[in-house]
Protein chains: 2
Amino acid sequence: MNAESAAPARRRLSRAEAKARTRSLLLDAAARVFARKGFTGASVEEIAEAAGFSIGALYSNFGSKEALFLELLADRHTDRIAEAAQALERHPSGTGEAAAELSRLLIAVADKDTDFAPLQAEFWLYAVRNPEVLDTMAANQRAPRHALEQVISTSLTRHDAPADVSAEAVATVVAALFGGLVRQRRIDPASVPEELFGDALRWLFTGIRTGAAAPSDTDDTA
Amino acid sequence: MNAESAAPARRRLSRAEAKARTRSLLLDAAARVFARKGFTGASVEEIAEAAGFSIGALYSNFGSKEALFLELLADRHTDRIAEAAQALERHPSGTGEAAAELSRLLIAVADKDTDFAPLQAEFWLYAVRNPEVLDTMAANQRAPRHALEQVISTSLTRHDAPADVSAEAVATVVAALFGGLVRQRRIDPASVPEELFGDALRWLFTGIRTGAAAPSDTDDTA
DNA sequence: GCTTTGACATAGCGATCCCTATCTGAATAG
DNA sequence: CTATTCAGATAGGGATCGCTATGTCAAAGC
């Protein structure tokens, strides 16, 4: 039984390990508190207490309240769009099953992960009000958006979509629709039923396949 | 030259008129400051000063900072969706001109009225965190959404859309897409070019017209 | 024209905020 | 075992906050 070489199994935590754990717990707590109270509304005392530590522990790990928030914004941007891309890849059929699964994902995000959308809104507001982090936000979107774009790209070519439809544009539309519907469901759940996102995606992709991008020519593919 | 009978032209303001004017100026200033600093981040002193009055004037017109914010949320909800519906009604052609006009509206809202989206986000966050105003928010959406729904409904029937496609669902999708794209353009303008919203609407409506709603049967249409 | 009213200004109170200076005790080094 | 280091706890300072008590002066009532 190997017990000490590779895995840091159950040993008493070393100094560095304990500090890393504290840091991580503080970040988790900060995500919750920032989501529920907002950046300015959340107090560092509340965050530290929610993590089970003192204010001193927080300032021993982060330079300021703003630095803590920016760290969250920079590398805890677990974009649900990436999960959407994965869900799409699991269902290669393209239209039927995939749309239903994405609908389910949207409902789960809106109803279960209640902290996600508010925290995302806080990030967005902070970025709009502090343009120096706009690039950070755009960079965080890049990876998940690229994954979604890839899935959409293969789907478009497989269905002989018109060549002038860019996968990037479609990915932007899908992501914007996702976020917009999640927010709307929090305000009026009845207006965003379970299948709405899937229906919208089906409408969107059949419309693209039919070729409705260029208003000038009226083609009719083979 | 008529000067005094009907229009309250330039006369010295009566007590009630002056108070109403002060109230209105305070609300305008509050909208700007709340949009730029957030609800908790904005101070009543800053709002009063932005309106050209003192703190006392603010508390003489509103019971508290929260009451001022709630008044904004309740009846200054000038939803841009209503303008979208009007734009759609002006262009009865249904697909071509209307989509382009809506694209222009989206760009104008995102780039020119820079306070609109942040204030809307503040309203949404406040409603999510204070469920007692969720109904107020839903009620504010009702009127503009209904207008959009009407326009969409006539468009659907005129184009012989499948009967199982509800105008309400389409209106929700269009509104969510609008809000999502406005936000995305603030983060990365290049990802939301001028025509994207119009393109998406064309895709959406041609997809609906083609009839892609029924989810149950194995697809692969004709 | 005098009195009353009320819109708005001013000053300040209590609470809370972010942050820092200082201390403590356990993990490391020798 | 002793000395050192440092993660984390504690206490408090300086600033700002929302809000109120009080004052002032012009419009409204007689």
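Throughout, a chain's letter reflects where its sequence line sits, starting with A, and its residues are numbered from 1. As the structure is a computational prediction, the values presented were derived from the model and not from experiment.
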| field | salt_bridge(A/Glu122, B/Arg129) N-O dist < 4.0 Å | value | yes

| B/Asp111/B/Arg186 ion pair, N-O < 4.0 Å | no

Table please: side-chain donor-acceptor pairs of residues 166-183 of chain A below 3.5 Å, with sequence neighbours left out.
{"residue": "A/Ser166", "atom": "OG", "partner": "A/Ala169", "partner atom": "N", "Å": "2.9"}
{"residue": "A/Thr172", "atom": "OG1", "partner": "A/Arg145", "partner atom": "NH2", "Å": "3.1"}
{"residue": "A/Thr172", "atom": "OG1", "partner": "A/Glu168", "partner atom": "O", "Å": "3.1"}

Can you tell me the distance, in whole Å, between the [atom1] atom of [X] and the [atom2] atom of [N]?
X       : N      : atom1 : atom2 : value
A/Leu25 : D/dA7  : CG    : P     : 16 Å
B/Phe62 : C/dC8  : CZ    : C1'   : 14 Å
B/Leu58 : D/dG18 : CG    : P     : 10 Å
B/Glu17 : D/dA26 : CD    : C1'   : 15 Å
B/Ile47 : D/dC17 : CD1   : P     : 11 Å
A/Lys19 : D/dA9  : NZ    : P     : 12 Å
A/Phe53 : D/dA7  : CZ    : P     : 13 Å
B/Glu49 : D/dC17 : CD    : P     : 11 Å

| request: Find which nucleotide of DNA chain D each of B/Glu46 and A/Ser54 is nearest to by heavy atoms, and output the residue with the more 5' nucleotide. | output: A/Ser54

| request: Could you say whether B/Gly56 or B/Ala16 is positioned toward the 5' end of DNA chain D, judged by the nucleotide with the nearest heavy atom to each? | output: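 The residue whose closest nucleotide sits nearer the 5' end is B/Gly56.
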
| said: I want to check one thing: is the phosphate of C/dA7, taken as OP1 and OP2, less than 4.0 Å away from some side-chain N or O of B/Asn61? | reply: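 No, outside the criterion.
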
| query | Can you list the residues that meet the salt bridge (charged side-chain N to carboxylate O under 4.0 Å, His left out) rule with A/Arg76, with sequence neighbours excluded? | reply | A/Asp28

| request: Output all residues satisfying salt bridge (charged side-chain N to carboxylate O under 4.0 Å, His left out) with A/Glu195, sequence neighbours left out; order by chain, then residue number. | output: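 Salt bridge (charged side-chain N to carboxylate O under 4.0 Å, His left out) list for A/Glu195, sorted by chain: empty.
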
| message | Considering only residues two or more places apart or on different chains, which pairs with a residue in residues 98-109 of chain B satisfy side-chain hydrogen bond (donor to acceptor under 3.5 Å, both in side chains)? | response |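 Listed once each, the pairs are B/Arg90-B/Glu101, B/His91-B/Glu101.
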
| task | Go through D/dG8, C/dT5, C/dC8 for me and flag the one nearest to the B/Arg15 side chain. | result |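 Within the option list, the nearest is C/dT5.
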
Check: protein-nucleotides 14-19 of chain C nitrogen or oxygen pairs below 3.5 Å:
{"residue": "C/dC18", "atom": "OP1", "partner": "A/Ala42", "partner atom": "O", "Å": "3.0"}
{"residue": "C/dC18", "atom": "OP1", "partner": "A/Lys65", "partner atom": "NZ", "Å": "2.9"}
{"residue": "C/dC18", "atom": "OP2", "partner": "A/Val44", "partner atom": "N", "Å": "3.2"}
{"residue": "C/dC19", "atom": "OP2", "partner": "A/Tyr59", "partner atom": "OH", "Å": "2.5"}
{"residue": "C/dC19", "atom": "OP2", "partner": "A/Lys65", "partner atom": "N", "Å": "2.8"}
{"residue": "C/dC19", "atom": "O5'", "partner": "A/Tyr59", "partner atom": "OH", "Å": "3.3"}

| request: Using the salt bridge (Lys or Arg N to Asp or Glu O under 4.0 Å) rule, collect all pairs that involve residues 31-46 of chain B, keeping only residues at least two apart or in two chains. | output: B/Arg36-B/Asp115, B/Lys37-B/Glu46

